[in-house]
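Just so you know, these numbers use all the heavy atoms, side chains as well, and skip hydrogens, waters and symmetry mates. Note that the structure is predicted; figures quoted are calculated from it, not measured.
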2 protein chains.
Amino acid sequence: MIILAADSSYKDKKVITIGIVSELTGLSERQIRYYEERKLVFPDRTKGGSRRYSFADVELLVEIANKIEDGVQTFEIRQEMAKQKKRNEAEEHKKMIQGQINARFGIRKK
Amino acid sequence: MIILAADSSYKDKKVITIGIVSELTGLSERQIRYYEERKLVFPDRTKGGSRRYSFADVELLVEIANKIEDGVQTFEIRQEMAKQKKRNEAEEHKKMIQGQINARFGIRKK
DNA sequence: CGTGTAAGGAATTCTGACACG
DNA sequence: CGTGTAAGGAATTCTGACACG
């Protein structure tokens, strides 16, 4: 079976330190670390233990902060994200199955 | 006159520390700093004075290192880059002029 | 010329905790 | 619950210099 890496382009590379993330988002380092504690973001770590974020993480952090400002609690946000993830996975699975069908029987539209 | 920002997307944002750049490129920090000393790359700086590179910088650094491996000297690389920059600017200028002509007299092909 | 390295200092980040509410 | 802060330490980065060639 073939796994397609989700286009590891610039957006998903974990290369940004927390200080820069703080600048980019306007969030405090405290907030950023707390959202990780609540399992909402998952930065990489260097050997030394420093966090490294991707641009995708940066955008996610902004969304999280907006929701919290709207009174949504972190555990609710986590649930939303889990649901969204399931929907995405189901969609992926559907596409993959269809891809296998097409591979065997040829692609035909409609 | 309208200036088009060169699509400040992920690729050109200066957000990567020298340690990560070193990992991404395989170059030593010494090399990376030296290429800056020779005016080949221009990272941003934080208030504290730390360097911040973009993905575009990362790719440029790899190209630079390859040329040096081929025996090209840094001042030659700088000259090449200056020439390339002039060509690009001339091309930009041409497009801009054509854009103004099109704006006044309408766009017509051929 | 291009790169390695040891040196000393400054900036950055880390964790765990106390505080407020 | 979400966030600020002071505390102490560790990791990261900086510059200028000496070395080799």
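- For A:Arg87, the side-chain hydrogen bond (donor to acceptor under 3.5 Å, both in side chains) partners are A:Gln84, not counting sequence neighbours.
- D:dG4 atom P lies 9 Å from atom CG of A:Leu27, rounded to whole Å.
- Scored by the side-chain contact (heavy atoms from CB on, under 4.5 Å) test, A:Gln98 finds A:Ile101, A:Asn102 as partners (sequence neighbours excluded).
- With sequence neighbours excluded, the residues that form a side-chain hydrogen bond (donor to acceptor under 3.5 Å, both in side chains) with B:Glu29 are B:Arg33.
- Qualifying side-chain contact (heavy atoms from CB on, under 4.5 Å) partners for B:Arg30, counting only residues two or more places apart in sequence or in other chains: B:Ser28, B:Tyr34.
- Straight-line distance from the CD1 atom of B:Ile64 to the C1' atom of C:dG2: 13 Å, rounded to whole Å.
- An OP1 or OP2 oxygen of D:dG2 is reached within less than 4.0 angstrom by a side-chain nitrogen or oxygen of A:Tyr34.
- For B:Arg45, the side-chain contact (heavy atoms from CB on, under 4.5 Å) test picks out B:Glu36, B:Arg51, with sequence neighbours left out.
- A:Ala82 pairs by the side-chain contact (heavy atoms from CB on, under 4.5 Å) definition with nothing, not counting sequence neighbours.
- B:Glu76 meets the side-chain hydrogen bond (donor to acceptor under 3.5 Å, both in side chains) test with no other residue; sequence neighbours excluded.
- Taken residue by residue, residues 66-77 of chain A places no heavy atom nearer than 4.0 Å to DNA chain C.
- For B:Glu92, there are no side-chain hydrogen bond (donor to acceptor under 3.5 Å, both in side chains) partners at least two apart in sequence or on another chain.
- Residue pairs meeting the ring-ring contact (aromatic ring centres under 6.0 Å, His included) criterion with at least one member in residues 55-75 of chain A, sequence neighbours excluded: A:Phe55-B:Tyr10.
- Contact annotation: A:Tyr35 side-chain N/O to D:dT3 OP1/OP2 distance is under 4.0 Å.
- When each of A:Leu27, A:Leu24, A:Thr25 is paired with A:Val62, the side chain to side chain contact (heavy atoms under 4.5 Å, CB included) condition holds for A:Thr25 and for no other.
- One atom, CZ of B:Arg38, and another, C1' of C:dT3, lie 13 Å apart when rounded to the nearest Å.
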With both pairing distances under 3.5 angstrom for Watson-Crick or G-U wobble, and | for a partner in another strand, the correct string for DNA chain C is .||||.||.|.|.||.||||.
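- When atom types are taken as modelled, the side chain of B:Lys14 and the backbone of B:Asp57 share no donor-acceptor pair closer than 3.5 angstrom.
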With sugar-phosphate taken as primed atoms, P, OP1 and OP2 and all else as base, the protein-contact string of nucleotides 13-19 of chain D at under 4.0 Å (heavy atoms; B, S, -) is SSB-B--
